[in-house]
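Right, one structure below, let's go through it.
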Amino acid sequence: MSATMSGSGSAAPCRFAHYFVICGIDNETGLEPDALAGENFDQSPLKRTFKSKVLAHYPENIECNPFDQDAVNMLCMPKGLSFRTQRDSRTPQFHSFLITREDGSRTYGFVHTFYEEVTSPQICSAMQTLHQMHQAEHNASAHNCPSSSSSSSSSSSSSSMDSLASSLDEVESPSSTSSLQGGRRSCGCSGEGYDSVRDTLYVSKAMCLITPMPFMHACKRFLSQVHRAVISHQPPPLPLESYIYNILYEVPLPPPGRSLKFHGVYEPILCQRPGVGELPLADFPLSEAFQLLGVENLVQIFTCVLLEMQILLYSQDYQRLMVVAEGITTLLFPFQWQHVYVPILPASLLHFLDAPVPYLMGLQSKEGTDRSKLELPQEANLCFVDIDSHCIELPEDFPQFPNKTEFIQELSEVLLSFGLSPEGGNASPEPAVSSQTSMLEKELKSTSLSELVDDRKNGNLGGEALDVLELLQGNPTLERLQALAKRTGVKVARLEALAVGQKAVGEEGVGGRSPAEEEELKNAKLNVQLREVFAARFATMFADYESFVIQNSPDLESWLTNREQMHNFDKASFLSDQPEPYLPFLSHFIETQMFATFIDNKIMSQWEEKELLLRVFDGRIEKARLYNVRAPSLRSSVYQKCTFLKESAQAIEQRLRKIDHTAIHPHLLDMKIGQGKYQHSFFPKLQADVLASGPTNNKWSNRTCSTQRRVDRHRQQNDHLVLDNDLKEKYMQEARNLGKNLRQPKLSDLSPAVIAQTNWKFVEGLLKECKMKTKRMLVEKMGREAVELGHGEVNITGLEENTLIASLCDLLERIWSHGLQVKQGKSALWSHLVHYQTREEKNEQLLESPVSNGQEKRKPESSVGLPALRVSVIQDMRHIQSMGEIKTDVGRARAWIRLSLEKKLLSQHLKQLLSNQALTKKLYKRYAFLRCEEEKEQFLFHLLSLNAVDYFCFTSVFTTIMIPYRAVIIPIKKLSNAMTTSNPWLCVSGELGDSGILQITKNVLEMTFDSAFRPHTHISIAFKCQNLGKLTTVQLGHDNSGLLAKWLVDCVMVRNEITCHTYKFPCGRWLGKGVDDGSLERVLIGEFVVPCNDDDGGRGSKTPPLQRSPSQIRRISITSLTGRGNKPTTVQIQESIGEAVNSIIKHFHKPEKERGSLTVLLCGEGGLVWALEQFFHHGFRSARIFQKNVFVWDFYERTVEFMENADQIGDLQETPEPLGLNCESFCRYVNAINNMPRNIGKDGKFQLLVCLGARDRLLPQWLPLLAECPVITRMYEENALLRDKLTVSSLIAVLETLHDFPITLESSLTKSVEL
C-alpha cells in the first residue's frame, strides 16, 4: 500500500488527471431506492431514483487530493441511476462538476454518462416486480382518483424543502411522456410498462476524469473516445487500461504559457495553459453561456454575483448549469466568489437552498416543471436564472453595473465578430456522442489512427504494420540490405510506403487541423476576448485602488492579530474620487467579502509572493498606465474599450498552432492475459493492479514536480503563509473567512448530525455577520469619536449609509428565512409580521381593547402640547400597509425595518415579535436561528446598539409618500396674552418641500398637564402632506384682527406622526403691530428634539447634532443686548463671522445629496445673519426715544433716505460709477423689502436683506456705503466696528469668499419680494 501511495502521490500535483472513476449499478446490492433524493412512489419504477455506487476508481488515493467517494458518486450521478428500455432514447450525455475544499481550492470532474444493457437476471426480475406492484396500485386507485391532483394536495403541512423535492419529480421525463396513454398520464406509469421477456433493460453508467485544472474540452474528447472504443464492433488498438494509465500517469499538466498534445484511443488531443501574465485558465465555453442567456441577462446576473446575492441557476441540463456557473465566476477576475458554490446541487442536498448566506447553486429541472411550483425558502435577495427559458428574475432595487449600455455594446461587438447573436436564444444542442458504428469503422480504417504513433521517439507498439517497420528500422543488418537495394534500384515497396505514410501523418499533425480543432481554437479565442472586456472594466474602475489601501502594520503577524479591528481600505475617499454614475454600484461592491479578500491579498503581498490573480491584475493596471500617460483619464466616466483583444487571442492561437510538448504515447502494459476481455457495448472490468500506481522514473515528473509544487504552494490559499500552524489556522478562520460561513456543503456525509452541524455553522456565521454590520454602521456614524480611534472619515455619506442599511435589511431577511417550516410570500420577515398581526388583532377583538403587546407610550422631550403616541409593532405595520407606493412584501419588510431603525425601535420591535414563542415554533424548525435562544439574545443586543445614533433612513428614502403631521403653537405661559382674537396661520417647510399655508381655527385652546401636573395652554393643528423630509423652517403669522391682536409665542412644536420625529422652532417674540419690531409674521428655524428613551440602550453616546437652532434668549429682543452688560467682544464678533462663512463653504464642499439645510447656516444660531447682527449692533445707539426701540433696519432706512436725497440734489453724480451702482442696488433692495405685502418686522427685514445680499453677491459692495454714509455718525459710537476701516475691509474680504458658491434661498424666506 505504501508503494502505491508513493507511486501515485509523488508526481500528483503536476499530473493532468488525478483519478479515473466508474460509477453505476452494483449487481451485488441490486436496486436500492435513494431516500435522500426525494422518492416519489407515484412514478413508474423506470423513472424512480435508485442509488448509484462508485464501482472502481484508479488510483486508490492521492495524498494531495484524497478521494471523496460519496461526493464523487453524488456529482457523477446527481439524480442516481437512470433506467431505459429499447424504446427510449439512450443518447450519451456529458457534464462536469467541481468540488470545493474547505480552503477554497477546487478539483474538477468531467463525466461521460452512457447506457449499458442490464445483464443481471435478479435486477431485471426486481424491476418487473416493482412494475407489477405499481400497475396494481394504479388500477386500484384509478376508481378513487380520477383527477391528476391525487398526490399534490397533501403537502400543506410538509416543509418547503419537501415540496421542492416533490415538485421536481412531478413531471415525467420526455422519454416516458411519449408513451403515456389517456388517463394513465397523470399517474406517471408507462403505457407499455416493462416486461423482462419482451423488453431489454438498460441502466446508466458514468466514466469520470478528476483533474486539478479545468481542461474541459480535452477531458470531454478523451472520455468520448473511450466510449467509442467500448461500443465499437472492433476492439481498440490497445487495451483500455493503456489509455487510462497513460492519462493518469504519463500525461503532465502543460507548463504555464505552453501547449501539450497527448493521445486518446483514436485521435490526438490538444490543450494549452495561459502564461504567467495572462488571464487564468478557463476552458468552459462562454459563447454557450451568452447564447443561452443573452448579453443583457448575463450582465445582470454578473452584477448580482458581484454584489454577493443568492443566485439559483435552473436547467434540465447539468452541463448548462456548470457552463453558466463557471462562466460567470470566471468573469469575476480579479475577484473570487467567496461563498457557497455548488453548480450542480444533488437531489439529496436540496436542504442547502435553506442556507441563509450568499450562494451560487445550480438546480436540475425536469421538462415541463412549472416555475410557480418551486417553493424556494427565500426570495427576497434571490436572482433566479431559468437557463432553458432564457429568462431571469432579479431582486428588487439593486444598482446597475457602471456604463452598462456601453459595456453591453462592446460585448455584443465581440460576439458579432465571431458570428454569434448578442440576444442569445436557443443555443444549438450539444452534439450527442456518436454511436454510429459505420462512422466509427471508417474512422478506424482512416490514417487518423496512425497519428497515434506519429512520434517515433516514444517507441509505441502499434499494429502489425508498425511492428514490421520498427523491426526493420531497429535491425542494423536489414538496414544495410535496404541501403544496398536502393543503390541497385530495387524497391522494398511495403517498407517505403510505411515510412512515407508515417512522415506524411507527422507533417499533417503540425499544419492541417481538423474542423473540431478549428472550432476549439475559435472558442478559446472568443473566451479570452470576452474575459478581456470584463477584466478591462475592472482595471478602469479600480485603476487607483492601491492609493486607498491602508497598510499600517509592521509585520504579517501583527496584521493577522488585529485584522478584525482594522480598516484596510479608505472607502469614503475612494468613493469621493469616483465618477458620479459609478457610485450606486461601487458603494455596494466595496462592502462585499470578495472585495475585502482582494484587499487582504494586496496587503499580504508586501510580506510574501503575490497571489496569482492579483499579480495579473496589477500588471494590467501598469499596462493601462503606460497607454494612458495621464492617470486621471483612468477615472473618467467616459467609457474606454479594451485594447488587449487581438493580443490575447494571438497568444492562444500561437500555442495551439505550434505544439510545445507531446506526451508519451499509450503503450502495452504488463497485464495478465485473459482478464479484461473486450466485449462489444460493455465497459470491461479493468485490471486494478496495473492502474494502481504509476511509473517511478518519469523524466517529466522529476523535472517539473518541484517547480510545480512551488507554484501550487503559492496558488493554494491554505499554503499562503510560512507561519506556525496555530497562527495559520487563525488566519484561515479569522482573516480570509471574515464574514463567510460555509464555502461548500460537505457531500461525503449526510447524517442528521452533520446537517445539524452545518446549520450550527450558519447560525454562528449569521451572528458574526450581524455583529460586524452593526459595528460598521456605528463606527461610520459616530463621527469624531471614530476618527480619533483611527476608524476613518468624520462624515458618512448618505450613499454609504443607504448601502449599509440595505445590507442590514438583506441580513435580516436571511435570518428570517433560515429554517422556515413553510415558505409564504417572498419575504420571510414580512410573512412573520403578518402572522403576528393576525394573532394580535384576533386577541384585540376578543378583549375589546387596544393591542397591549408591544405597546409603549413615548413622550416628546417637551411633553407640552403633543399627545403621547402609541407605539407598537402593529402600529408601524399599519403605517407601511397604508403606503400605496410599496407594492411587494419585500418592499414592505424593508420599509418597516427602516422605519423601526429611524424610531430607534428595531431591536425592541423584533424582541416583541419573537416573544410570541408559540408562533415562532409553528413557523420555524428547531435548528433555525430564531429558535437558538442565546444567539437570538446576542443578535437583539447588537441591534440595540444602533439606538446610539440617529438615522433618517425612512424619511430620506420614501420621499413621495403622504405623512400625517401635528403642529402645536405654545404661547409664553407666564403672561396673560396666551390667547389671540386674530386668525393665525402656519406653513411648515422641510428639505423636500413645504406644507402650504395652513389656517388655524382661532381661540381653540387646548390644555395639558406636564409631569408635575402644571397646566399648559396651546393651539394644536393636525395636517397631512407629502413627505417634507427633515424640517427646516416654520412661518407663523396672523392677520392682526380683533381686540387681542398681539400674541407672544414661546415656540412651535411639529411632529411627524409616523416616525415620531419632533422638531422645536423657538420664537420668544411678539407678533403684532406696535409691539416688539411690529412683525405679524416670523420665520422660525427648527432643531431636532432628541427623544427621551426609557431604555438605557444608546444613552451613552449620540450622533453629534447636525446643526444648532436659534436660542430663545436671543429672540426675546436682540436690541436689548446693549443694555444688559453681556455685550460680545470685538474678537468674538469677528470669530463668529468667520465661523459662519466657513460653515457655508463646508456645506458646498459636501456631495449635493449630503448638504442638508442652507437656511439653518444662514438664519440659525451661529449663522451668517446672527453673526452680522452682532457686527451691526456693536456700538449701535439704541437708546429708547419716547419709549420706542431703534433697530438696525432703522439705520438702513435712513441710509437709503440720505442716498436718495443726495442723488436728487446731485451729490452722487460725481461719485465713481461702481459706487453709484452699489447705491442704486442697495436702495432698490431695501425699498423692495419695505414694499412687500408681508409684515415680517424690522428684524425679519434685516434677515431677508442679508440673505438676498449673500445670494446676489452684493454684501461686500454694500458695506463701504454703510460705513461711509454720514448717517453713521448719528447712530453709531466712535468705537463701533462699522466705523473701523480696517475691520470693514477684512469683513469684505471674508464675505467675498462666498462669491464662488451658488446660494439658493427657500421660498419661505423670499416669498412676495419683487426685485
Side-chain angles (χ1 to χ4, degrees), residues 572 773-787 791-809 856 858-862 866 869 871 876 879 894-909 942-959 963 965 990-992 1027-1032 1053-1065 1085-1109 1147 1150-1151 1153-1157 1160-1161 1164:
K773 277 187 165 53
T774 50
K775 179 182 173 184
R776 173 85 202 282
M777 289 170 74
L778 281 171
V779 164
E780 293 287 4
K781 193 78 170 162
M782 293 285 277
R784 297 189 182 279
E785 295 166 324
V787 175
H791 285 303
E793 294 292 309
V794 179
N795 293 320
I796 179 173
T797 66
L799 186 70
E800 278 183 282
E801 181 178 307
N802 204 37
T803 301
L804 291 173
I805 291 167
S807 176
L808 178 68
C809 293
E856 183 205 356
R858 295 179 68 206
K859 298 174 184 177
E861 182 144 317
S862 164
L866 286 170
L869 279 175
V871 177
D876 285 347
H879 287 313
R894 294 192 173 190
W896 184 86
I897 293 167
R898 286 175 176 274
L899 177 58
S900 302
L901 189 59
E902 186 164 321
K903 294 172 80 166
K904 302 193 178 185
L905 289 172
L906 182 59
S907 179
Q908 183 182 320
H909 276 355
H942 290 315
L943 291 182
L944 185 64
S945 66
L946 296 176
N947 289 5
V949 291
D950 297 323
Y951 283 104
F952 291 86
C953 50
F954 179 84
T955 307
S956 59
V957 168
F958 299 101
T959 55
I963 288 185
Y965 292 90
E991 292 177 354
L992 302 176
N1027 186 358
L1028 301 176
K1030 293 179 188 175
L1031 303 187
T1032 52
M1053 306 288 290
V1054 182
R1055 183 174 67 196
N1056 180 322
E1057 298 287 86
I1058 290 181
T1059 65
C1060 297
H1061 281 170
T1062 305
Y1063 295 82
K1064 185 177 183 178
F1065 298 85
I1085 310 299
E1087 64 180 1
F1088 179 64
V1089 177
V1090 179
C1092 285
N1093 252 352
D1094 294 334
D1095 288 338
D1096 288 331
R1099 190 177 282 176
S1101 56
K1102 304 249 181 235
T1103 304
L1106 300 177
Q1107 61 269 322
R1108 295 174 64 203
S1109 60
H1147 168 88
K1150 291 178 185 175
K1153 294 174 183 175
E1154 324 300 338
R1155 288 177 183 172
S1157 171
V1160 173
L1161 299 178

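- Remark: L944 CG to K904 NZ distance equals 11.0 Å, nearest 0.5 Å.
- Of all the heavy atoms in F1065 and T1032, the pair that sits closest is CE2-O, 3.7 Å.
- Inter-residue side-chain proximity for R898 and Y951 is flagged as unmet; no heavy-atom pair is nearer than 4.5 Å.
- Every residue two or more places apart in sequence or in another chain was checked for a side chain to side chain donor-acceptor pair (under 3.5 Å) with T774, and none qualifies.
- Atoms OH and CZ, from Y965 and R1055 in turn, are 13.0 Å apart once rounded to the nearest 0.5 Å.
- Considering CG of L946 and CG of L905, their distance stands at 12.5 Å, rounded to 0.5 Å.
- Residues K903 and I1058 come closest through the heavy atom pair NZ-O, 3.2 Å.
- Put simply, the side chain of I805 does not reach to within 4.5 Å of the side chain of V957, judged on heavy atoms.
- In terms of heavy-atom proximity, C953 sits nearest to E902 at N-OE1, 3.2 Å.
- Annotation: the span from F1088 atom CZ to K1064 atom NZ amounts to 14.0 Å, rounded to 0.5 Å.
- A donor-acceptor pair is defined here as one N or O able to donate and one able to accept, closer than 3.5 Å; such a pair exists between the side chain of N1027 and the backbone of T955.
- Of all non-hydrogen atoms in F954 and A895, the two that sit nearest each other are CD1-O, 3.7 Å.
- Here the OG1-CG distance, from T1059 to L901, works out to 12.5 Å after rounding to the nearest 0.5 Å.
- Here the straight-line distance linking atom NZ of K1030 with atom CG of N1056 works out to 13.0 Å at 0.5 Å rounding.
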